[in-house]
There are 2 protein chains.
Amino acid sequence: MERSERGERILEVAGELLVAWGYGRVTIDEIARRAKVGKGTVYLHWKTKDALLLTVVLKAKTRALQRHLARMRADPLEVLPSRMMGAYYGDFLAEPVLRALYTDDVDVLGRLNDSSKKEFAELVALGDRVLCRHLEALREHGLMYEDTDVRHQQYALLATATGFFTAEALLFDRAPDTPEIRGGIFAESLRRMLETTPSYDAAAAAAPEIIALYEEFEARSAEEMRRQLRN
Amino acid sequence: MERSERGERILEVAGELLVAWGYGRVTIDEIARRAKVGKGTVYLHWKTKDALLLTVVLKAKTRALQRHLARMRADPLEVLPSRMMGAYYGDFLAEPVLRALYTDDVDVLGRLNDSSKKEFAELVALGDRVLCRHLEALREHGLMYEDTDVRHQQYALLATATGFFTAEALLFDRAPDTPEIRGGIFAESLRRMLETTPSYDAAAAAAPEIIALYEEFEARSAEEMRRQLRN
DNA sequence: TTCGTGACCAGATTCGAAATCTGGTCACGG
DNA sequence: CCGTGACCAGATTTCGAATCTGGTCACGAA
């Protein structure tokens, strides 16, 4: 049995348990039992329980990021905030761990949020820079309005995204029926808020730089996940 | 000493205490002591502790609503979502009770949120209808885009507002400096998202109906506050 | 008679110490 | 040499006793 294969199974089980039980109730014993390994084996892979569960979350985020990259490579128009976030929205709601992260919040993730804030502060800062550069690239190619400070556009984007994710839990009883429709409203809102008339050629010109930005972010995420391992 | 004056002082003290201590730590004894009345006197005014604190919140909301009405009466352009919410944003952040309601949430308000959800379900539903009619009126006067379902516009508005309020606490470390700037970004976002080129005349034509809607809401709120009293 | 009050009660909440559980280690065995 | 589970210290839970708090109401002042 391969070491990495074993690690994958532990991660998988940990993810299921995290969603089903929530951070506080997940135990390393139960993870080991379900993954059919000894408890000590878990600690051969990750430094601590937090490191393991942080990896679960980071992995889920990375999967969404990879799908995002694939979409951008296949269709340059996916670099537009509306397209990017609309698709992200669907991915996030479909990924149970991330859905929990954005809707149930405290109950499921417990202090994992605080933990990750400290542990990943650097990564979050990089994410901020990446998004800002992304928007700047779009502006340079005439795909976004330039009559506003890019920092303000970034804040508007983040705040609006926060709103649509939070609304998922907060307004669930007065929201339009399907996630697809809500995602559509989200995308349309961002388009009107930020984007000029889309141009395929401009998007194709901007895409390489933007893709490179997210590839760097992906690499940095992978590095961060490695940093959570024992060796 | 007037009965209503006494009630006002109790409300005021209760508000201060609610913000300073949070729902769980506020006691009727302490409210009575600070308001210099007997404990039983508090119960001559309100049915329960929850009724009292619910009234504190409702009163704060009503004050913001009244300022909103005054602004609309003074300047018809204030009926535009961007203008309305931009000013609301400032008011809400300046009103400690409401600021707590939208930023600290659980810690300060405790189970008051759930309590109000049940108690004020009807009022919330009316608020929903009022907002929807408000948007419909704007559309009829050509002040908002009509190429989208009004329900979807309402959801976008609510989700975005939720986002900017939540972001106030969630993104505090990476947000633009002043509340005024953040309020400006919020307003500008809504304008681009929902509004056509503003016309004073169209706004003036739409204003009376819209003002009437919120006056009805204000009346209904006052009625609800009365319903929390003993007699 | 009317209005305000605080002593009082039941039930909720808190406290604290004992009992249990869990993250993390490491000596052992396959 | 790699995987393991018994083991330990410290964290968490339990649960009954002690305390606190929302709400009442008999009483007394006006």
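Lettering of chains follows the sequences in order, A, B, ..., and the numbering in each one begins at 1.
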**Asked** Which parts of nucleotides 20-30 of chain C does protein reach within less than 4.0 Å, heavy atoms only, written one letter per nucleotide 5' to 3' as B for base, S for sugar-phosphate only and - for none?
**Response** --SBBB-----
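- In this entry the distance linking OH of A:Tyr23 with C1' of D:dT12 reads 13 Å, nearest Å.
- Take A:Glu215 and apply the side chain to side chain donor-acceptor pair (under 3.5 Å) test, not counting sequence neighbours, and it matches A:Arg73.
- Residues forming a side chain to side chain donor-acceptor pair (under 3.5 Å) with B:Glu122 (at least two apart in sequence, or on another chain): B:Arg220.
- Applying the side-chain contact (heavy atoms from CB on, under 4.5 Å) rule to A:Arg133 yields the partners A:Glu136, A:Glu140, A:Glu209, A:Leu213; only residues at least two apart in sequence or on another chain are considered.
- The CZ-C1' distance, from B:Arg33 to C:dG6, rounds to 12 Å in whole Å.
- Every pair passing ring-ring contact (aromatic ring centres under 6.0 Å, His included) that includes a residue from residues 111-137 of chain A is listed here, sequence neighbours excluded: A:His134-A:Tyr214.
- With sequence neighbours excluded, the residues that form a side chain to side chain donor-acceptor pair (under 3.5 Å) with A:Thr55 are A:Trp46.
- Listed pair A:Thr41 / D:dG3 fails the phosphate criterion, with no side-chain N or O lying under 4.0 Å from OP1 or OP2.
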